[in-house]
Structures are given as C-alpha cells and as structure tokens.
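All remarks here apply to the structure that follows.
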Amino acid sequence: MEKKSKPPFYVTTPIYYVNGVPHIGHAYTTIIADTLSRFMKMNGRDVFFLTGTDEHGQKVEKAASENGLEPQAWADRVVVRFMDLARDLACEPDFFIRTTMELHEKGVQKLFLKLLDQGDIYKGEYKGWYCVPDESFLTEDVPLEKDGTKICPDCGRKAQVVSEETYFFRLSAYQQKLLDHYASHPQFVRPQSRMNEVTSFVRGGLKDLSITRTTVKWGIPVPGDPAHTIYVWFDALHNYVTGAGYDRDPAHFEKFWPASVQLIAKDILRFHAVFWPAFLLASGLPLPECVFCHGWWLKDEAKMSKSKGNVLDPYVLLKAMGPDPLRYFLLREVPIGLDGNFSHEAFIRRLNSDLANDLGNLVSRSLTMIRNYFNGTIPEPGPEEPADADIRKAFDETRDRAVAHYESYTLNKSLEEIWAFITAVNKYLADNAPWKLHKDPALRPRLARVLRTAAAALRGTAVLVAPVMPGSAQKIWEYLGEPGTVRDIRFEGLAFDSPGLGQAIRAPEPLFPRVDLQAFLAEETIPAKEPVMDEETQKSPEQPPATTGSSRTTETAEPPVKPLVTYEEFARMDLRVAHVIEAARVEKAKKLLRLKIDLGTEQRQIVAGVAETYSPEQLLGKKFIVIANLQPAVIRGVESQGMLLAAVSGEKAVIPFFEADVPAGAKVK
Ligand code: MSP
C-alpha cells in the first residue's frame, strides 16, 4: 500500500449554541474551516472537519421554555438551521456533532469518571458569581459594583450569586504545565497577541473550576451522582475528541487527534486555550497543535448578538448570488485575526469589482474569444514571447505564495496573491489585444499563444480559488472543457497548463452578475431559497399573496381568484386562534412587529408586517388567526414561528380580530 507522507489534518469549529438561529458570525468560522479543509485535501492530506451544536445548559433550557418546547424538541428544531446553513454555504463537514448524541454523552461521562478516579475532579462547595447568559463563573478579580452586584466582564450583564455543592476540576494543578506548554509550543495559540493574553491570564494564577451543577437539569448527568449535571463547557469542549472517535473508533481517533487547528473567536479564547488544554493534560490526551482565534464580525461597530438584536442573516447575502461571493468576501475583506465591521456596501463593492469585473470578465472574454476566433478549440500556438513567459512565471510564484498562505491560515493574503495574478492576466490581455491580432490572419499563431496563455491562467486560477469558491472554480473548470472535478487536482505539481490541443471550450455563462447596490439594499430581506419571509408580504416567496382583489392582483392581471384547491389541500394548514401576550417593534424595521402569542398548548414568537397599521399596544390581548404549521422563517434576523392572517389594502394590513370570546389554540376551519 502506498504510504501517505503528509500527516492527516483535523480542523474544528466551535459547536454553536442552539439558543438562537445562526448568523453571519457563525457562518464565518464554518467557512474558514471549510476552506482549510478543502485546501488541505487538495494539498494531499487526509482531512477531518468537525462542526456541530452545543445543546445542553441553562441557555438552551431557557430558550426552549420561552418557546414552549422541551429542550430536546427545541434543539431538534434549531439544529436543522445550522445544518442547512453549512450546506447552503457550500461547507462540507465530515461530521456534524450534537452534544445530545449518545456517542458524545458516553465519552464525556467516561472522561469525567477517569478524572474523578485519579483525583483531578473532587466534590466540594461552590459559592460565587455566575453569569447565566455566558454560563461561566466570574473570576475573583471582577470588582463589586456600587449596588453590591458584579457585572460579567465578557458580556456586560449582571451576574448572580450561586451557592451549591459541586464537583471541581483541579485547574490550579495545571498552571505551570500550561505555561510550560505555551513556552514550548509558541504556535499553540495564534495570533501572538492572543497567546500573550492567555499567558498573562494563566500567570495571574488559576483557581479550581466548578464543573457540575445541581440547578441545571438539561445536561449530562454525573455518572453515579445524577443530582449533578456536567457543566456545559466541560461537556461541550470534549466534543472535539468524542467527535473524532474517542472511546468509539480508536483507529479514527488515533489518526486525527490531536486536532491540527481549532478555530474560535476571541469570546471563547479562555475556554479553549486554558481550560481545554488543562482537561486534556489531565486525561493524558495530546493537546491540539493550534487554537486559532479569529476576530469578530461587527454590525454597527458592535458584536452581533441575539440580545442586541443586530444579527445579520446570512441568507440575505446568499440570495441569488449563492455561497461563493459571501465566502470570498468574508475571507478577503479582513485579516483573519482582526475584527471587521460588516457593511453591505463593501460586500457589493467586492462582488462587483473583484468578482464580476476582475475574475468574471476575464473568464468570459478569454473563453468567448477562443470560441469566436478558434471555434472553441485552441490550435498549436506560436513561440512563447517574454510577455507570455512572465505570466507563466507569475503563476508559479503566485501558486507557491498562495499555497504558503493557505498553509499558514492567512487566507486573505492567499486571495490577495491570486487577485494580483488575475490583475496581471487582465493587463496581459489588454497589452496583447487579441481582438486586434485577430484582424490579421498572419498573426494567428500569436493569437493562439495569447489565448492559450489566458486559458492556462484561468485553469490555474480555478485550482487556486477552489478552496474558497468551490462552485465557481468548478464552473471555470467545466467551461475550459477540463475533465473531472477541480477539487481532485493537487496543488503539488500544479503546472501552468493550458487545456490540451483539440479540447473543446464551452460557452461561459456570467459567473458573477453585477449587483446594483441600491436595488440590493431595497430588497435586503428577500431570501434565496430558504423559508425566510419577505417583510412586505410576510410570506415565503413560493407562497401566494394573502388576499384576493388587492391592487397587486389587478395590476398584474392575475385572475381574481386563484385556482381551486381540494378540501384536503386546505386542511393541511393548521389554523389556530392566537392570543397576543407580548408585542414590540422590531428594531430598524418600520413595518415589523415581534409578537409573542399563546396557542393554548404552547407559546411562540411571530413576526408580522403590520407595524404601519397597529402599534404594539393595540395588539396586546387581541385574538386572531395564525397558520400554526408554517415552516419557521427568519425576518430581519428575528425568527417567526407562524403567520397571522390579515387583509392587505394598499399600505395597510388589517387583521380580523375575534369579537366573541374564544380560547387560545382553538382550531379554525
Ligand atoms: N457553544 C459555545 C462554544 C462551545 S465550543 C466547545 C459558543 N457558541 S456560540 O454559538 O456562541 O458560538 C461562538 C462562536 O461563533 C465564536 O467563537 C465564533 O466562532 C462564532 N461567532 C459568533 N459570533 C461571531 C461574530 N460576530 N463574528 C465572528 N465569529 C462569531 O460560544
């Protein structure tokens, strides 16, 4: 058997909480991981890419109860959003772990028992300040506020005093071992600034860590002492080993553990760079090679978070454009360790300039000329001239530099290199003007040389961008008539090759249609293919309008009444009486209200496009009809779990309320 010389590569993302729906920040980490995974595969390594969801703990318990569901049912619902998002971003994890999976729970319990047996975990009493939203205890150095409370330094919210019997992890015993590890593995935490931060935190002293709760029911029980559940971070961090096959698939685990790179953002640095390696040292498992900490995507200069209501829905940016522009933008715009303020303008600018103009035009002009001038196959070219040799040389250098940057996770630099090459090829075409050469039959060998050089440059570019823009790279590959898939090409030995003689070049379609910024901003909430609703009509795009006889119907000359449906078709809709128990405006959306409704057996949140007709106060206590089994959707970053019925007349949406008393949840038919 052939022996692989390169070591396997294992990349992880954090596992995301299922207390909210995914946003652009989650998308970012997953895209980085996927890009590295694709690159490493094309660089000849066996890769394991793990992502997943963190489903236990108080936050999830709370989100579930606010939504009238059991935690598992809630997690089952939200996890689909994270899985779908990965797919829609063209991310291909090898395994999607959920912490409620038995394989994970068993692994965590086993590790807990091991540490208990060897004395690294012991039972005691904990009293201290605890931040519920962050699920973490405050360190003692956090000062008391004037009112005698403490504020969580990570999220700025008030902490609570908690006192309970707990199991402690002997973190204090690992202070020196951690410092030694940092010193002997300077790449363990990257970038360097984060390593400095972690080192000085650990130098400041480590206290033992409380790792169980008696107050939280939604968690993995401590084996043999089920009144305690395992603290969500001890549980969650171990996903990286249980997901890789710890105690379940020894061959896989040994092949891939320790992870090559664990991607996180700075909000969870301490957990990954201090607690996690300490747990591993205690278990005798090797430590990951690198914890790579990227920055935050900010919106309006603030970190996106559900509580601030400033989360950006990735589907808004995926609409019509697919995943590649978003992947490119997020990786190109900001160096991986720094924060970036998200702006739609910057996104559209890059899409139009780097993608539509630079790359898209290069593809379409080169291939169209080959089709027009040579009927789609390039003949034997004339001799290479210095300008052609320069492009070949530039490609070789670009490939080496881009590969080196991919290897060191500096993805924006890799893209910078590739785009400098694309610019050089565009200049080469402008300087050599094949459209002029074409006019003189005596210059056909030269014309063939120039277009073959352009085709070779495109071929090479397709391979180089494939980890970041897999779909577009494959399209270029196919336009060039290349066989197989671009992802099967290896960087090693990647030469500047033009398509073979006689190889048929296909007609290219525009790869990246230009987007008009104003038009884009105007319809910012219209989705691509997910059940994200349009603020205007509060509908999924595939759904018909709510009413008949509206001005819209007349304008578009649709028949006044839609085609007949059977009773069975109608009966698939679950119409219910909803009772409004909370109502508020959705920030920065003048048409939207967020309503909490009671459906008798459960409470839900819906988003309704009625704010121009009703104030929140006018709707409080009212009863109306909702479709209770409509697929949930995200509108302006807020989840809507149903839709109310209203008559639409011009700008107004008029809701038919129940006048007689009727219980919440009653069926409407
Ligand atoms: N469940 C924990 C992690 C446990 S890992 C063992 C958690 N979950 S989270 O849903 O809050 O996700 C945090 C991670 O999501 C960040 O570390 C980062 O990878 C990503 N991001 C969330 N918001 C982000 C931004 N605004 N910008 C960039 N990344 C962001 O913490």
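Side chains included, hydrogens not; waters and symmetry mates left out as well; all remaining heavy atoms used. Whatever order the structure lists ligands and atoms in, that order sets their numbers, starting from 1. The structure displayed is predicted, hence computed values, not measured ones. Each residue takes its place number in the sequence, starting with 1.
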> Nearest 0.5 Å, what's the CZ-CD1 distance between Arg98 and Ile15?
Replying inline: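 With rounding to 0.5 Å, CZ (Arg98) is 11.5 Å from CD1 (Ile15).
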
Listing, residues 267-278 side-chain donor-acceptor contacts under 3.5 Å, not counting sequence neighbours, or none:
residue : atom : partner : partner atom : Å
His272  : ND1  : Ile268  : O            : 3.0
His272  : NE2  : Tyr240  : OH           : 2.7
Trp276  : NE1  : Gln262  : OE1          : 2.8

> Which atom pair, heavy atoms only, marks the closest approach of Ile121 to Phe112?
Replying inline: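 Closest pair (atom of Ile121, atom of Phe112, distance): CD1-O, 3.6 Å.
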
List the atom pairs, with distances to 0.1 Å, where a side-chain N or O of residues 411-418 and a protein N or O form a donor-acceptor pair under 3.5 Å, not counting sequence neighbours.
residue : atom : partner : partner atom : Å
Ser414  : OG   : Ala402  : O            : 2.9
Glu417  : OE1  : Arg401  : NE           : 3.0
Glu417  : OE2  : Arg401  : NE           : 3.4

> Does Gln187 have any side-chain hydrogen bond (donor to acceptor under 3.5 Å, both in side chains) partners at least two apart in sequence or in another chain, and if so, which?
Replying inline: none

> Quick check, are the ring centers of Phe48 and Phe9 under 6.0 angstrom apart?
Replying inline: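 Centroid distance Phe48-Phe9: not below 6.0 Å, so no.
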
Dump the pairs for me: ligand 1 N or O, protein N or O, distance under 3.5 Å, to 0.1 Å.
residue  : atom   : partner : partner atom : Å
ligand 1 : 1 (N)  : Ile15   : O            : 2.8
ligand 1 : 1 (N)  : Asp54   : OD2          : 2.7
ligand 1 : 10 (O) : Tyr17   : N            : 3.0
ligand 1 : 10 (O) : His26   : NE2          : 3.3
ligand 1 : 17 (O) : Ala265  : N            : 3.0
ligand 1 : 17 (O) : Asp267  : OD1          : 3.2
ligand 1 : 19 (O) : Thr29   : OG1          : 2.6
ligand 1 : 26 (N) : Trp297  : O            : 2.9
ligand 1 : 27 (N) : Trp297  : N            : 2.8
ligand 1 : 29 (N) : Gly25   : O            : 3.3

